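Take a look at the structure below.
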Amino acid sequence: MSNASVNECGYRAFSLGAYKFVRDEYFAHITWPGGSHTISVDRFLRALMRDVAWNFFYGTVNFDEVFGTTNHYGTVDVFAGLYNAGFRERNKQFVEALNGDHVRSTFLEMLEDWTNEGFDPFAAPEETGTPFGPKRGSNLSAVRRNRVVAKRMVGLKGDTPLRSDADGNPVNRQFTDVDQSEPEVHAEPGFEGEVHAFNFFAYLSRSDVTWNPSITSAVKDSLLCPTTEEYMLPIIHGNDRVEWFVQLSDEIHWDVQDRESGAPRARVVMKAGDVTAMPADIRHQGYSPKRSMLLVWENADPALPDLYAKKRLRPNPVDF
Ligand code: PHB
Ligand code: FE
């Protein structure tokens, strides 16, 4: 089927390298030479949204136990069964290295065509409509949303703005108890343009998306990426560097597995105030029973994946 024609449910089919993607009322179906796979379309669209918005993120974005992408920062490996012990045992994995821009534009077209009116893949399930059923309109403003990326820090002149009721960012229903007062800044004369502060909790309480770390401050490669979480991380992230997590409110339960095989390694229950260093050789998925605030601290140094791959750095930054 060509990319322009639609099926009986009203959805376009897509091809990418040797992969073919079709959706029906409930499922995304993926086929490749030698195999096929089915993913519930709510899970598929939520994962696809993040892969597109994050430009393939750091390392591996597993949509589920079978399908996903690994970022090589220019090219992208699109794989099926590559990080699945069962596929690997029978040598049934399939992987294609493709141009990143091409994968991203194809994924965005698919996301735009397959997302129905009223469904926002970034929203918590309680705060959005259904993705299921035959094609019904679209939600382009939601799926084309850009991630917040501060150049230096949120709220600085010329940088990404603070959030308010007036600009359409109300306090989330689960964060109505968060103090909204802003800090007072008293700079010495001559330093007025160099001192800045804002209420981080108030800023986060007004986020309308979930599982979407945004860059709120950048000092060289040190990126503070807070995010508000509710329900589950719709991908299983395979790290290519260490990530530090600080649980700012409520709690998140994490499944931590071996990055290559998916074998279980740890269960981590993080409560407000807890800090973890997620190793560079794991994959993880988080579950947030109530909306919570999580600070993800990323080191964006492009040399890191190679240093870990060559074992020049240990995958865990601290020993206890
Ligand atoms: C992660 O994989 O480290 C991750 C991704 C998205 C989040 C939080 C953590 O919202
Ligand atoms: Fe991660």
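Hydrogens, waters and symmetry mates play no part in the numbers below; they use all other heavy atoms, side chains included. Keep in mind the model is a prediction, meaning the values are calculated, not measured.
- With values rounded to the nearest 0.5 angstrom, Glu298 atom CD is found 7.5 Å from Asn239 atom CG.
- Between Glu126 atom CD and Tyr231 atom OH the span is 11.5 Å, to the nearest 0.5 Å.
- Between the side chains of Asp258 and Tyr83, no donor-acceptor pair of N or O atoms lies under 3.5 Å.
- Using a 4.5 Å heavy-atom cutoff, the side chains of Met278 and Trp254 are in contact.
- Under a hydrophobic-cluster definition in which Ile, Leu, Val, Met, Phe, Trp and Tyr are linked whenever side-chain heavy atoms come within less than 4.5 Å, directly or via other members, Val269 and Ile282 are assigned to different clusters.
- Salt-bridge annotation for Asp42 and Arg46: present, with a side-chain N of the basic residue lying under 4.0 Å from a carboxylate O of the acidic one.
- Distance alone, capped at 3.5 Å, is enough to place a donor-acceptor pair between the Thr128 side chain and the Gly118 backbone.
- Counting heavy-atom neighbours within 6.0 Å of Arg173 CZ, excluding the residue itself, gives a total above 12.
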* To do: Carefully, step by step, assess Thr106 and Phe21 under the rule side chain to side chain contact (heavy atoms under 4.5 Å, CB included).
  => CA-CA 11 Å; Thr106 306; Phe21 299 83; over 6 Å; no
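- Between Gln285 and Gln257 there is no side-chain heavy-atom pair separated by less than 4.5 Å.
- A salt bridge (charged side-chain N to carboxylate O under 4.0 Å, His left out) check over residues 266-295, counting only residues at least two apart or in different chains, returns the pairs Glu127-Arg291, Glu230-Arg291, Glu251-Lys271, Asp255-Arg267, Arg265-Asp281.
- In this structure, OG in Ser288 is found 12.0 Å from CE in Met232, a value given to the nearest 0.5 Å.
- In this structure a side-chain-to-backbone donor-acceptor pair under 3.5 Å is missing from Asn84 to Val66.
- Phe67 and Tyr19 have perpendicular rings, their planes meeting at more than 60° on a 0 to 90° scale where under 30° would count as parallel.
- If you chain together hydrophobic residues whose side chains sit under 4.5 Å apart, Phe63 and Leu98 fall into the same group.
- Residue Ile236 is not grouped with residue Val61 when hydrophobic side chains (ILVMFWY) are merged at heavy-atom distances under 4.5 angstrom, including chains of intermediate members.
- The list of salt bridge (charged side-chain N to carboxylate O under 4.0 Å, His left out) pairs with a residue in residues 204-213, not counting sequence neighbours, reads Arg145-Asp208, Asp165-Arg206.
- No salt bridge links Arg88 with Glu260; every basic N to acidic carboxylate O contact stays at or beyond 4.0 Å.
- Contact of the Leu224 side chain with the Trp297 side chain is registered, since non-hydrogen atoms from C-beta on lie closer than 4.5 Å.
- When hydrophobic clusters are built by joining Ile, Leu, Val, Met, Phe, Trp and Tyr residues whose side-chain heavy atoms come closer than 4.5 Å, directly or via intermediates, Ile252 is not grouped with Tyr287.
- Without hydrogens or angle criteria, Ser205 side chain to Thr176 main chain gives no donor-acceptor distance under 3.5 Å.
- Side chain of Glu109 to main chain of Phe107: no donor-acceptor pair is present (N/O by atom type, distance under 3.5 Å, no hydrogens or angles).
- Residues Ser292 and Ser249 approach most closely at CB-O, 3.3 Å, considering heavy atoms.
- With hydrogens and angles disregarded, no donor-acceptor distance shorter than 3.5 Å links the side chain of Arg23 to the backbone of Ala28.
- In this structure, the side chains of Pro131 and Thr115 stay at 4.5 Å or more apart for every pair of heavy atoms.
- Nearest approach of Gly100 to Val76, heavy atoms of both residues: CA-CG2, 3.7 Å.
- Leu162 CG to Asn199 CG: the interatomic distance, rounded to the nearest 0.5 Å, is 9.5 Å.
- Here the straight-line distance linking atom CG of Asp240 with atom CG of Leu307 works out to 11.0 Å at 0.5 Å rounding.
- In this structure, Ile215 and Cys225 approach most closely via the heavy-atom pair CG1-SG, 4.0 Å.
- By the rule that hydrophobic residues join a cluster once side-chain heavy atoms approach within less than 4.5 Å of another member, Phe201 and Val171 end up as members of one cluster.
- In terms of modelled atom types and a separation under 3.5 Å, the side chain of Asp179 and the main chain of Ser181 share a donor-acceptor contact.
- Other residues, nucleotides and ligands contribute over 12 non-hydrogen atoms within 6.0 Å of the OH atom of Tyr73.
- Remark: the backbone N or O of Pro234 is not paired with any side-chain donor or acceptor of Arg50 at under 3.5 angstrom.
- Side chains of Phe200 and Pro226 form a contact here, defined as non-hydrogen atoms less than 4.5 Å apart.
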* Asked: Please walk me through it: do Val103 and Glu96 pass side chain to side chain contact (heavy atoms under 4.5 Å, CB included)?
  -> CA-CA 11 Å; Val103 178; Glu96 256 187 300; over 6 Å; no
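- Inspection of the Thr70 and Thr60 side chains reveals an N or O donor paired with an N or O acceptor under 3.5 Å.
- Side-chain contact between Arg104 and Thr69: absent, with no pair of heavy atoms (C-beta onward) separated by less than 4.5 Å.
- Contact annotation: the side chain of Leu204 never approaches that of Phe175 to less than 4.5 Å [non-hydrogen atoms, C-beta and beyond].
- Side-chain N or O atoms of Thr227 include one that pairs as donor or acceptor with a backbone N or O of Asn212 at under 3.5 Å.
- Taking the side chain as every heavy atom from C-beta outward, Met49 and Val143 approach each other to under 4.5 Å.
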* Checking side chain to side chain donor-acceptor pair (under 3.5 Å) for the pair Asn169/Tyr203: CA distance, chi angles, key distance, verdict? -> CA-CA 9 Å; Asn169 295 117; Tyr203 180 76; over 6 Å; no
* Any chance you could lay out the side chain to side chain contact (heavy atoms under 4.5 Å, CB included) test for Val256 and Val268, step after step, and finish with the verdict? => CA-CA 7 Å; Val256 181; Val268 181; 4.0 Å; yes
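- Heavy-atom minimum distance, Gly133 versus Tyr11: O-OH, 2.7 Å.
- At least one donor-acceptor pair closer than 3.5 Å links the side chain of His196 to the backbone N or O of Val154.
- Between His37 and Phe87, the gap from one ring centroid to the other reaches at least 6.0 Å.
- The two residues Asn62 and Gly238 make their nearest non-hydrogen contact at ND2-N, 4.1 Å.
- Nearest approach of Leu45 to Pro121, heavy atoms of both residues: O-CB, 3.7 Å.
- When the shell of 6.0 Å around CZ of Arg136 is examined, it contains more than 12 heavy atoms from other residues, nucleotides or ligands.
- We find the CG-CG distance between Asn99 and Asp101 to be 5.0 Å, quoted to the nearest 0.5 Å.
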* Candidate pair Ser141 and Asn139, rule side chain to side chain contact (heavy atoms under 4.5 Å, CB included), full reasoning -> CA-CA 6 Å; Ser141 58; Asn139 196 356; 3.8 Å; yes
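- Classified by interplanar angle (parallel below 30°, tilted 30° to 60°, perpendicular above 60°), the ring pair Trp114/Phe44 is tilted.
- Panel note: side chain His237, backbone Tyr58; a donor-acceptor pair is recorded below 3.5 Å.
- Classified by interplanar angle (parallel below 30°, tilted 30° to 60°, perpendicular above 60°), the ring pair Trp32/Phe94 is parallel.
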